Amino acid sequence: MRVVIAGAGSVGRSIARELLANGHQVLLIDKDADDVQASRVPEASWLLADACELAALEEARLEASDVCVAATGDDKANLVLSLLAKTEFGVPRTVARVNNPKNEWMFDESWGVDVAVSTPRLMTALIEEAVSIGDLVRIFEFQQGRASMVEITLPDGSPFAGRRVGDVDWPADTVLVAIIREQRPLAPTPDDAMEAGDELLFITTTEQEFRLQDLVAPGTQHHQRSTEDDEV
């Protein structure tokens with residue numbers, strides 16, 4: 001697989017190293033000469049250029065890539081690159097870094113983004129997941145399917161403690177994909193019984209999140225993600 005990564009800072013270089021270790025071809029693009037140092041990731045190809053310019057993307061042969069990763073520290077640049085990759089070069093898959101969580105609402109198919117990754121949002125979710133019991137925590141949002149991965153830790157006294165997975169009438173468009181118990185992941189079967197303290201991982205839709213929390217942990221306070229439409 002050929003992957004073009006725009007942004008050769010610490011994030012872009014880390015992604016490149018992981019992909020190279022898995023046997024993929026990687027081209028790193030950055031307009032900052034200080035970041036474009038081939039010795040940092042010698043197995044990758046390098047291009048000193050502005051990834052938001054068509055001429056640079058033509059030189060990078062973006063149309064021959066399988067994935068374009070917009071990993072710069074500038075949300076505007078990541079959006080422009082994703083849009084150009086899709087509309088001008090027909091790249092099958094685009095992944096964009098979101099630096100400011102308030103800009104997440106823009107990172108969708110209208111800007112050519114297949115997958116948006118917000119590091120601050122993921123870190124916040126992981127912190128909440130570690131300390132919250134009974135609260136629904138959104139771990140990850142799938143842009144194309146309008147679905148999310150969410151986590152709920154089953155509180156003491158939950159009516160679900162001791163119940164079989166197969167006996168529960170989950171909300172529509174909701175799938176229990178894993179149970180984490182004593183730090184071990186379990187693939188749930190209809191005969192598995194849930195226990196207090198279990199971390200339940202679901203794939204669900206935004207519309208069903210509150211219903212899911214009310215079902216699994218009734219009486220707990222709802223926490224809703226901010227949807228402020230701030231400028232980039």
Side-chain angles (χ1 to χ4, degrees), residues 1-20 22 24-37 40-41 44-126 138-149 225-232:
M1 181 170 69
R2 182 173 188 265
V3 183
V4 173
I5 302 174
S10 58
V11 173
R13 294 196 303 271
S14 295
I15 297 170
R17 292 189 188 102
E18 291 288 332
L19 290 169
L20 288 163
N22 291 332
H24 302 297
Q25 299 177 20
V26 175
L27 169 64
L28 280 159
I29 307 175
D30 205 297
K31 62 181 179 181
D32 188 343
D34 290 336
D35 282 333
V36 181
Q37 298 181 28
R40 292 179 169 181
V41 190
S45 300
W46 291 79
L47 177 63
L48 177 61
D50 186 343
C52 292
E53 294 182 356
L54 283 172
L57 299 180
E58 289 170 354
E59 184 178 353
R61 295 178 52 248
L62 192 61
E63 72 281 357
S65 66
D66 301 290
V67 181
C68 176
V69 181
T72 78
D74 185 336
D75 284 347
K76 295 187 292 294
N78 291 341
L79 286 170
V80 169
L81 172 58
S82 298
L83 185 61
L84 290 174
K86 275 293 183 185
T87 59
E88 299 295 327
F89 296 90
V91 177
R93 189 76 165 167
T94 59
V95 179
R97 171 187 177 188
V98 184
N99 296 279
N100 185 344
K102 293 180 180 180
N103 295 329
E104 283 181 347
W105 64 278
M106 298 184 68
F107 283 73
D108 58 19
E109 67 276 3
S110 65
W111 277 94
V113 177
D114 291 320
V115 178
V117 180
S118 171
T119 302
R121 178 71 64 194
L122 285 173
M123 291 182 68
T124 300
L126 291 172
R138 186 180 297 171
I139 302 294
F140 190 82
E141 185 172 357
F142 301 93
Q143 294 290 340
Q144 285 186 318
R146 292 296 181 265
S148 301
M149 176 178 287
R225 180 171 69 93
S226 171
T227 56
E228 300 164 300
D229 290 353
D230 293 85
E231 295 289 335
V232 176

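Predicted, not measured: the structure shown is a model, and the values here were computed from it. In this chain, residues are counted from 1 in sequence order. Quick note: numbers below take in every heavy atom, side chains included, and nothing from hydrogens, waters or symmetry partners.
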Listed partners of Arg40 passing salt bridge (Lys or Arg N to Asp or Glu O under 4.0 Å), at least two apart |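 Testing Arg40 for salt bridge (Lys or Arg N to Asp or Glu O under 4.0 Å), a comparison that skips the adjacent residues, returns Asp35.
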
Distance in Å, [X] [atom1] paired with [Y] [atom2], rounded so as to fall on 0.5 Å steps:
X      : Y     : atom1 : atom2 : value
Lys86  : Arg93 : NZ    : CZ    : 7.5 Å
Trp111 : Leu83 : CH2   : CG    : 6.0 Å
Gln25  : Met1  : CD    : CE    : 10.5 Å

Under the 3.5 angstrom rule, does the side chain of Asp50 hit a backbone N or O of Lys31 as a donor-acceptor pair?
->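 Not confirmed, Asp50 side chain does not pair with Lys31 backbone.
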
Between Thr94 and Asp114, is there a donor-acceptor pair closer than 3.5 Å when you use the side chain of the first and the backbone of the second?
->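 Yes, because the side chain of Thr94 sits within donor-acceptor range (under 3.5 Å) of the backbone of Asp114.
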
Compute whether any side-chain donor of one residue and acceptor of the other, for Asn103 and Asp75, lie under 3.5 angstrom apart.
->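 Side chains of Asn103 and Asp75: pair found under 3.5 Å.
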
Between the side chains of Thr72 and Asp74, is a donor N or O closer than 3.5 angstrom to an acceptor N or O?
->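 Asp74 and Thr72 do not have a side-chain donor-acceptor pair below 3.5 Å.
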
Who passes side chain to side chain contact (heavy atoms under 4.5 Å, CB included) against [X], sequence neighbours left out?
X     : answer
Val80 : Cys52, Leu84
Ala70 : Asn78, Leu81, Ser82, Ala96
Leu20 : Val26, Val41, Glu43, Ala44
Ile15 : Ile5, Val11, Leu19, Val69, Ala71

Answer whether the closest heavy-atom distance between the side chains of Val98 and Met106 falls below 4.5 Å.
->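 No, their side chains stay 4.5 Å or more apart.
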
Is any side-chain heavy atom of Leu28 closer than 4.5 Å to a side-chain heavy atom of Asp30?
->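 The answer is no; the side chains never approach within 4.5 Å.
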
Table please: side-chain donor-acceptor pairs of residues 57-64 below 3.5 Å, with sequence neighbours left out.
none

Where Asp66 and Val91 come nearest, the two heavy atoms and their spacing =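 Smallest interatomic distance, heavy atoms only, reads O-CG1, 4.0 Å.
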
Looking at Leu47 and Ala56, what are the two nearest heavy atoms and their distance?
->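 Shortest heavy-atom contact: CD2-O, 3.7 Å.
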
